[in-house]
Amino acid sequence: MSPSRPLDAPPDASATATALRTDLAGDLRAGDAGRQVALCGWVARRREHGEHLAFVDLRDRSGVVQCVVDGASDLRSEYVVRVTGTVRDRPEGTVNPDLATGEIEVGDCAVEVLNAAEPPPFPVTDRVDADETARLRHRYVDLRRDRMQRNLLVRATVNRALRSAMERQGFLEVETPLLWVPTPEGAREFVIPSRLRPGEFYVLPQSPQLAKQLLMVAGVDRYYQIARCLRDEDLRADRQFEFSQLDLEASFVSQDDVLGFVSEAVLDAAQAVTGERPGEIPRLTWAEAMGRFGSDKPDLRAGPELVELGEVFAATGFRAFAGAPCIKGLRAPGHGDLGRNRLDALTERAKGLGAKGLVWLRVADGGALDSPVAKFLSDGERAGLVGATGAAPGDLLLVVADERRTVEIVLGQLRLDLGRPPVNEGPLALTWVVDFPLFEGLDPAGRPVPAHHAFTMPHPDDLDLLESDPLSVRSQSYDLVLNGWELGSGSIRIHRSDVQAAIFATLGISDEDARARFGFLLDAFRYGAPPHGGFAVGLDRLVAILAGEDNIREVIAFPKTQSGADPLTGAPAPVSPRLLDELGVRVLPPPT
RNA sequence: GGUCCCGUGGUGCAGUCAGGAGUGCACGCCGCCCUGUCAAGGCGGAGGUCGCGAGUUCAAAUCUCGUCGGGACCGCCA
């Protein structure tokens with residue numbers, strides 16, 4: 001992402017002036033020449049030229065400006081200073097075109113040290129990437145760097161754009177509780193002991209899902225919130241314990257309505273950050289996404305799609321293909337130079353993903369296929385393979401024959417292994433994935449497992465399949481995908497008790513179970529629940545990609561490490577025995 | 001729960017495969033010099049539990065095992 005992309009107009013000087021300063025350092029331009037200014041910030045760098053000339057780069061939130069001082073021997077890196085002086089054009093030949101403030105400097109400076117500072121634990125510059133533990137331990141220093149300041153700005157810009165889009169579309173911001181009730185579904189929850197009722201617990205919400213549905217019953221009609229969500233699951237580059245969502249829910253809506261609300265907000269956010277509005281977000285059905293990309297969160301940037309090869313090999317004599325329920329291929333452009341070691345590794349990878357094997361063919365100059373199995377294929381099959389995949393010399397072809405789902409998942413993963421650019425690279429590849437199956441498979445007891453949650457409305461055309469063929473029932477649920485990252489998901493909810501009862505029956509949830517788990521929601525629905533649906537956009541992921549980062553920790557002010565610790569505060573930490581007593585909590589000795 | 005990678009003055013790296021004195025590079029830090037630099041420049045200096053603990057060896061930053069911390073991924077994340 002280019003650093004020149006417009007973010008937001010800088011606040012005007014009157015808004016940033018304080019008792020101690022008149023301007024922000026990075027805002028000064030040639031037009032300010034002649035003005036007396038007072039600036040406050042940190043000493044970014046000193047360049048001393050003897051006793052009576054030194055340059056001090058003063059850094060604040062807005063950037064840096066060069067201050068010319070008589071001597072700087074009493075200044076050190078990261079000292080907090082107040083500089084007063086006169087803005088002036090730089091002398092002929094000393095303009096710095098790499099600096100936004102490079103046409104001017106602040107001359108005749110008086111420098112007041114507001115606070116001395118120890119040398120920083122790592123350089124406050126984007127030029128070197130310090131150890132991440134050190135960065136987190138001294139996050140207040142790390143965040144001074146241009147890159148991190150910019151990431152915070154991108155995040156605030158996205159936040160503002162999303163809020164503004166939701167307000168414009170008539171949504172009402174409502175806050176929902178952080179202290180919620182335990183529910184047995186979904187992600188592992190963070191547990192909060194109750195002091196007033198020892199032995200009982202709140203949990204932190206994994207999302208405001210049920211609360212926002214209650215707000216629909218309450219007649220709020222259109223709700224949104226930039227909501228903190230908390231899930232006690234293992235951390236990843238794209239997952240933290242606590243993360244933020246643009247959460248929304250609306251009444252009397254169709255799926256198209258919801259997709260429209262979310263598109264407007266996300267496209268606004270992208271435009272606010274990049275200055276360009278992406279085109280309309282294309283839609284794929286879940287079946288298309290799986291068939292063409294082998295993934296329910298397809299990365300549209302990652303090279304060619306999977307190719308159906310059943311017809312090509314319909315009458316094959318090659319035993320590995322004959323009679324297979326599904327045969328598909330993938331063209332990997334330019335990978336025809338892979339050696340046997342890499343190809344063997346790919347084969348192992350395919351087997352690890354569930355395939356019985358992997359057929360690879362290198363396309364040689366002239367179009368001949370170089371492969372251990374080429375001799376088992378007829379001339380027509382080889383030509384058909386090249387024709388169907390569009391293979392060219394230098395390409396690698398991969399073919400898998402197996403159950404359809406296995407073929408798609410294996411080739412989909414290999415497609416990413418071989419052709420996926422870094423998540424933060426290239427144009428924004430947004431896509432909707434719609435018509436997810438209602439159930440994603442069977443649990444060990446043979447019961448369908450909900451793909452989204454138990455309140456997802458089935459596709460109206462598939463209602464009568466609930467009993468006869470539940471796994472083929474589509475749902476009115478949908479995901480938003482950006483560069484192969486799941487940005488969010490949502491659904492139209494069930495508001496009719498007869499449909500909900502049918503779903504519970506299919507899931508094997510008895511009336512008593514349902515009452516115990518979701519009683520308060522079912523109660524609410526008896527008092528007039530409007531048809532409704534909603535969505536939640538993962539804010540950290542959206543911001544990371546818009547900021548050009550491949551890790552959401554880079555767009556979170558104070559993130560946790562992969563083991564869930566905060567090197568800055570030392571969290572998590574023990575609490576006093578007295579507090580535990582008050583909470584009615586006893587800690588077990590560590591397992592041996 | 002599992003797989004893989006990393007850990008060397010304050011910072012970033014090289015050295016580890018193939019054991020031989022804490023060896024090297026760049027930055028930073030401290031001191032001196034320097035009037036137009038902008039990653040300023042020159043000279044000098046200080047700074048080390050090679051993450052930690054065992055083991056092998058005459059000898060371990062280097063090999064082995066364990067452990068701690070960090071990262072990527074699988075499981076997990078309705």
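Keep in mind that what you see is a predicted model, and the values were worked out from it rather than measured. In the text below, chain A, chain B and the rest are named by the order of the sequence lines, each starting its count at 1.
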Student: For A:Arg88, answer base if it contacts any base atom (sugar-phosphate contacts may also be present), sugar-phosphate if it contacts only those atoms, and nothing otherwise; contact means non-hydrogen atoms under 4.0 Å.
Tutor: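 Base: the residue A:Arg88, judged by heavy atoms under 4.0 Å, touches a nucleobase.
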Student: Give one of base, sugar-phosphate or nothing for A:Asp98, where a contact means two heavy atoms less than 4.0 Å apart.
Tutor: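 A:Asp98: no heavy atom of the nucleic acid under 4.0 Å.
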Student: Across the strands shown, which category fits A:Ala451 at heavy-atom distances under 4.0 angstrom: base, sugar-phosphate, nothing?
Tutor: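 Counting heavy atoms under 4.0 Å across all strands, the contact made by A:Ala451 is with sugar-phosphate only.
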Student: Between B:rC77, B:rG1, B:rU35, which nucleotide gets closest to the side-chain atoms of A:Asp234?
Tutor: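 Side chain of A:Asp234 sits closest to B:rG1.
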Student: Is it the case that the base of B:rC77 and the side chain of A:Arg239 share a donor-acceptor contact (distance under 3.5 Å, atom types as modelled)?
Tutor: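 When only heavy-atom distances are counted, A:Arg239 does reach the base of B:rC77 through a donor-acceptor pair under 3.5 Å.
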Student: B:rC38 base to A:Asn96 side chain: any donor-acceptor pair below 3.5 Å?
Tutor: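 In this structure, the two groups form a donor-acceptor pair.
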Student: Looking at B:rU37 and A:Phe55: do their rings stack (centroid distance under 5.5 Å, interplanar angle under 30°)?
Tutor: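 Here the ring of A:Phe55 and the base of B:rU37 are stacked, with centres under 5.5 Å and planes under 30°.
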Student: When all nucleic acid strands are considered with a 4.0 Å heavy-atom cut-off, which category describes A:Glu105: base, sugar-phosphate, or nothing?
Tutor: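 Result for A:Glu105 = base.
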Student: Sticking with atom P, work out how far B:rU16 lies from B:rC63, rounded to a whole angstrom.
Tutor: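 To the nearest whole Å, 9 Å.
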Student: Give the ring-plane orientation class for A:Phe455 versus A:His453, where under 30° counts as parallel, over 60° as perpendicular and anything between as tilted.
Tutor: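 Ring orientation, 0 to 90° scale: tilted.
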Student: Answer yes or no: side-chain N or O of A:Gln66 and base N or O of B:rU37 forming a donor-acceptor pair under 3.5 Å.
Tutor: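 Flag set: donor-acceptor pair detected.
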Student: With no hydrogens and no angle check, is any side-chain donor or acceptor of A:Gln206 less than 3.5 Å from a backbone partner on A:Leu230?
Tutor: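 Checked: no pair found.
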Student: Given the rule in the salt bridge (charged side-chain N to carboxylate O under 4.0 Å, His left out) test, do A:Glu242 and A:Arg228 qualify, once you have shown the distances and angles that lead to the verdict?
Tutor: CA-CA 7 Å; A:Glu242 40 186 322; A:Arg228 311 301 298 275; 3.3 Å; yes
Student: Scan A:Pro91 against the nucleic acid and name what it touches under 4.0 Å (heavy atoms): base, sugar-phosphate only, or nothing.
Tutor: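 Contact class for A:Pro91: base.
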Student: Counting the atoms with a prime plus P, OP1 and OP2 as sugar-phosphate, which does A:Thr125 contact under 4.0 Å by heavy atoms, base, sugar-phosphate, or nothing?
Tutor: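 If one applies the 4.0 Å heavy-atom cut-off, A:Thr125 turns out to touch nothing in the nucleic acid.
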Student: Given the C1' atoms of B:rC17 and B:rA21, what is the spacing between them in whole Å?
Tutor: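 Approximately 22 Å lies between the C1' atom of B:rC17 and that of B:rA21.
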Student: Can you give one letter per nucleotide of nucleotides 67-72 of chain B, going 5' to 3': B for a protein heavy atom under 4.0 Å from the base, S for sugar-phosphate only, - for none?
Tutor: ---SBB
Student: Both distances under 3.5 Å, Watson-Crick or G-U wobble: report the partner of B:rG41, or none.
Tutor: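 Across all strands, the one nucleotide that pairs with B:rG41 is B:rC33.
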Student: Under 3.5 Å between N/O atoms: give me all the protein pairs with nucleotides 30-33 of chain B, atom names plus distance.
Tutor:
{"from": "B:rC30", "atom 1": "OP1", "to": "A:Arg76", "atom 2": "NE", "distance (Å)": "2.6"}
{"from": "B:rG31", "atom 1": "OP2", "to": "A:Arg76", "atom 2": "NH2", "distance (Å)": "3.1"}

Student: Using 30° and 60° as the class limits, which term best fits the ring planes of A:Phe525 and A:His532: parallel, tilted or perpendicular?
Tutor: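 If you compare the ring of A:Phe525 with that of A:His532, the planes turn out perpendicular.
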Student: When rounded to the nearest Å, what value does the distance between P atoms of B:rU62 and B:rU8 take?
Tutor: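 Rounded to whole Å, the distance is 13 Å.
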Student: Taking atom C1' in both B:rG41 and B:rA59, compute the distance separating them and give it to the nearest angstrom.
Tutor: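 Approximately 45 Å lies between the C1' atom of B:rG41 and that of B:rA59.
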Student: Can you find a donor-acceptor N/O pair under 3.5 angstrom joining the side chain of A:Arg90 to the base of B:rC38?
Tutor: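 Answer yes: a donor N or O sits under 3.5 Å from an acceptor.
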Student: Thinking salt bridges, do A:Glu425 and A:Arg301 make one under a 4.0 Å N-O criterion?
Tutor: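 The answer is no: the pair does not qualify as a salt bridge.
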